[in-house]
> 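Below is the structure I would like to discuss, written out as structure tokens.
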Number of protein chains: 2
Amino acid sequence: MAEPVGDKGEVPQPESTSHPTTSDAKPTTEAVASPSNTPAKRNAFTELMAPKPKAPISQAPQSMASKASQIVRGVWRGALIEYIEHPERFPDKVLRVTANTVLIKDAFPKATIHLLLLPRSPAHYLLHPHTAFADPAFLAMMREEAAVGARLAAAELARRLGSFSASNRARDEAMGKGKGGGAASDRDGSESELPLPAGRDYAAEIRVGTHAHPSMAHLHVHIISRDMRSERARHRKHYNSFTTPFFVPLADYPLGEDDVRRETGFQNANLKRELVCWRCGKEFGNRFAELKRHLEEEFEAWKKE
Amino acid sequence: MAEPVGDKGEVPQPESTSHPTTSDAKPTTEAVASPSNTPAKRNAFTELMAPKPKAPISQAPQSMASKASQIVRGVWRGALIEYIEHPERFPDKVLRVTANTVLIKDAFPKATIHLLLLPRSPAHYLLHPHTAFADPAFLAMMREEAAVGARLAAAELARRLGSFSASNRARDEAMGKGKGGGAASDRDGSESELPLPAGRDYAAEIRVGTHAHPSMAHLHVHIISRDMRSERARHRKHYNSFTTPFFVPLADYPLGEDDVRRETGFQNANLKRELVCWRCGKEFGNRFAELKRHLEEEFEAWKKE
DNA sequence: TATTCCGATAGTGAC
DNA sequence: GTCACTATCGGAATGAG
């Protein structure tokens with residue numbers, strides 16, 4: 001989960017001067033940072049920046065939302081508010097800012113790609129995801145933004161895995177690119193006269209959804225690659241929270257009133273349940289370290305697909 | 001618990017050539033090592049060496065005992081056989097050798113002083129202590145040797161703590177020794193004309209007994225100082241095995257047939273029970289590390305008594 | 001279901 | 001009730017002018 005870092009000296013300003021809908025930040029549609037410090041070159045992330053501005057989705061009364069916000073300010077549960085209110089302070093973390101959302105890199109990524117989409121609406125950002133996504137307009141907006149985030153994630157995944165991908169290499173060779181270097185983009189290919197191999201569908205390796213019981217107070221949607229290979233994935237719960245029904249795909253919202261995934265007992269059992277490889281289904285009981293080693297092997301095979 | 005060390009290249013000889021009662025070792029009454037590498041100087045340990053030889057206590061049939069011995073040879077449970085059969089190989093560990101016993105320093109001492117007394121009789125050394133000490137002659141022999149070991153232990157404790165002991169300092173000053181250096185001996189004092197302060201009773205700080213369920217196969221009697229201060233005391237069981245009725249004083253043998261200390265359930269509970277400071281009775285629940293820190297403080301007070 | 005630190009608990013293998 | 005190694009499990013604190 002992302003947390004603000006490297007801003008020890010800065011104290012969050014009182015809510016009266018820093019509300020996002022009356023923000024003191026720069027224009028909200030600005031791309032704050034390119035992900036890889038590659039200057040002006042073509043880049044999967046930068047290509048998708050600067051979408052059309054839209055009106056903020058909520059104009060809920062400031063006083064009420066701010067009061068709730070105040071409760072979690074300055075404690076770990078409320079750390080995400082810093083990105084929501086001051087995205088410009090985190091150029092290394094923030095990938096995209098709109099009037100309604102902030103897209104960041106998770107500070108403790110649990111997979112090769114792990115982004116968080118944060119809504120900026122005070123009327124929504126402290127709601128439980130099950131509640132917030134009962135609002136159709138809000139859900140639609142978040143889905144739209146999550147789709148953008150997922151494309152960014154897929155493009156970045158392509159950049160990272162492209163040189164290893166068998167299906168992409170076939171495509172690259174058909175295009176006369178040769179073996180070296182990653183394929184920076186796998187989108188379209190319509191300029192070619194001959195039918196090209198489709199190339200790897202990196203988007204299919206990206207999953208978008210929430211945790212059934214988030215610990216961070218502010219609503220966040222995970223945009224994460226499937227591999228679950230990360231140094232920061234250190235506990236059974238880390239793994240199970242993404243590989244069991246504890247992870248609720250954004251596509252599944254709004255949840256039915258009787259959806260079993262609302263039940264705390266069910267979800268606690270999901271977090272505690274025995275470990276299973278997401279890719280091959282092999283069971284690892286409580287042997288997390290062994291699963292980790294196995295995931296390294298699976299990663300090698302997965303990235304070559 | 002002591003184990004042979006530094007003899008990786010040496011394979012235990014077949015029992016037929018190395019039986020202690022038909023030993024190939026040097027004369028069994030020889031003092032193998034002085035404890036502190038102090039050359040020929042007067043020393044608490046060396047003073048008590050070289051007791052009168054006695055006849056070995058057992059002449060049990062070799063074949064039977066050797067068969068049993070063979071079972072635990074070469075595995076960790078049988079490691080003590082090396083000291084019994086080849087005490088001369090461990091000059092740094094062995095303090096005293098007689099026809100009937102070997103006295104060694106525990107390789108993993110659980111207190112400032114921690115010795116083991118090992119009987120050499122194959123008819124006894126694989127028996128459970130409760131069984132072995134039902135033999136009055138064997139018990140008498142072991143008590144006699146344990147008393148020697150306890151005196152050695154007390155003398156060594158005096159050497160280590162003497163300079164910190166308030167009661168000993170009073171005595172030393174009455175004898176005109178001044179403050180510096182440890183008192184090498186606190187025994188008698190009868191040469192003086194004036195009544196001297198008694199000096200600290202170090203023997204009272206030494207406890208002698210067995211574990212109710214030993215893990216090492218060969219019978220061993222612990223001779224250990226009360227402090228339980230040691231880097232090698234690392235587990236709850238280490239501590240409880242010496243500070244609960246799991247520790248059976250040699251003086252309590254032979255145990256009555258209905259002695260509760262024979263009961264496995266009782267003893268397992270002793271090993272698992274909550275931690276209590278042996279000196280002040282303070283309770284530490286399962287907080288072993290906290291107990292360890294507390295024992296450091298108790299040690300400072302205890303050594304100054 | 002935030003992380004991090006510390007420490008208790010559990011299983012194994014060892015000649 | 002042997003040790004030593006690895007790992008799992010469990011609680012507590014957590015920022016900061």
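To find a chain, count down the sequence lines: A is the first, B the second, and so on, and within it residues start at 1. Treat the numbers as computed from the prediction; the structure is a model and nothing was measured.
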> In whole angstrom, give the distance that lies between atom CG of A:N240 and atom C1' of D:dT8.
14 Å
> Side chains of B:H218 and B:L126, heavy atoms from C-beta outward: is any pair under 4.5 Å?
yes
> Describe the nucleic acid contact of B:R77 in one word from base, sugar-phosphate, nothing, applying a heavy-atom distance below 4.0 Å.
nothing
> Which of these nucleotides, D:dA7, D:dA4, C:dT4, is closest to any side-chain atom of B:F108?
D:dA4
> Give me the atom names and distance for the closest heavy-atom approach of A:Y83 to A:V102.
O-CG2, 3.7 Å
> For DNA chain D, just give me the dot-bracket, please: Watson-Crick or G-U, both distances below 3.5 Å, ( ) intra-strand, [ ] crossing earlier pairs, | paired with another strand, . unpaired.
.|||||||||||||...
> For nucleotides C:dT4 and D:dA16, find the distance between their P atoms and express it as a whole number of Å.
15 Å
> Could you state the atom-to-atom distance from CE of B:M216 to C1' of C:dA14 in whole Å?
12 Å
> A:H294 pairs by ring-ring contact (aromatic ring centres under 6.0 Å, His included) with which of A:F299, A:F288, A:F284?
A:F284
> Does A:W76 get its side chain close enough to the base of C:dT3, under 3.5 Å, for a donor-acceptor pair?
no
> Between A:H235 (NE2) and C:dC5 (P), how many Å, whole number?
11 Å
> Considering only heavy atoms, which members of residues 262-292 of chain B lie under 4.0 Å from some atom of DNA chain C?
B:N286, B:R287, B:F288, B:A289
> Verify the contact: side-chain N or O of A:H238 to OP1 or OP2 of C:dT3, cut-off strictly under 4.0 Å; return yes or no.
yes
> Given C:dT3, D:dA7, D:dC3, which nucleotide is nearest the side-chain atoms of A:R293?
D:dA7
> Any side-chain N or O of B:R234 less than 4.0 Å from the OP1 or OP2 oxygen of D:dT2?
no
> Which one, C:dT3, D:dT8, D:dC3, comes nearest to the side chain of A:R236?
D:dT8
> With rounding to the nearest 0.5 Å, note down the distance linking CG in B:L116 to NE2 in B:H222.
6.0 Å
> Starting at atom CD1 of A:I81, determine the distance to atom P of C:dA2, rounded to an integer number of angstrom.
17 Å
> Would you say C:dA2 has OP1 or OP2 under 4.0 Å from some side-chain N or O of A:H211?
yes
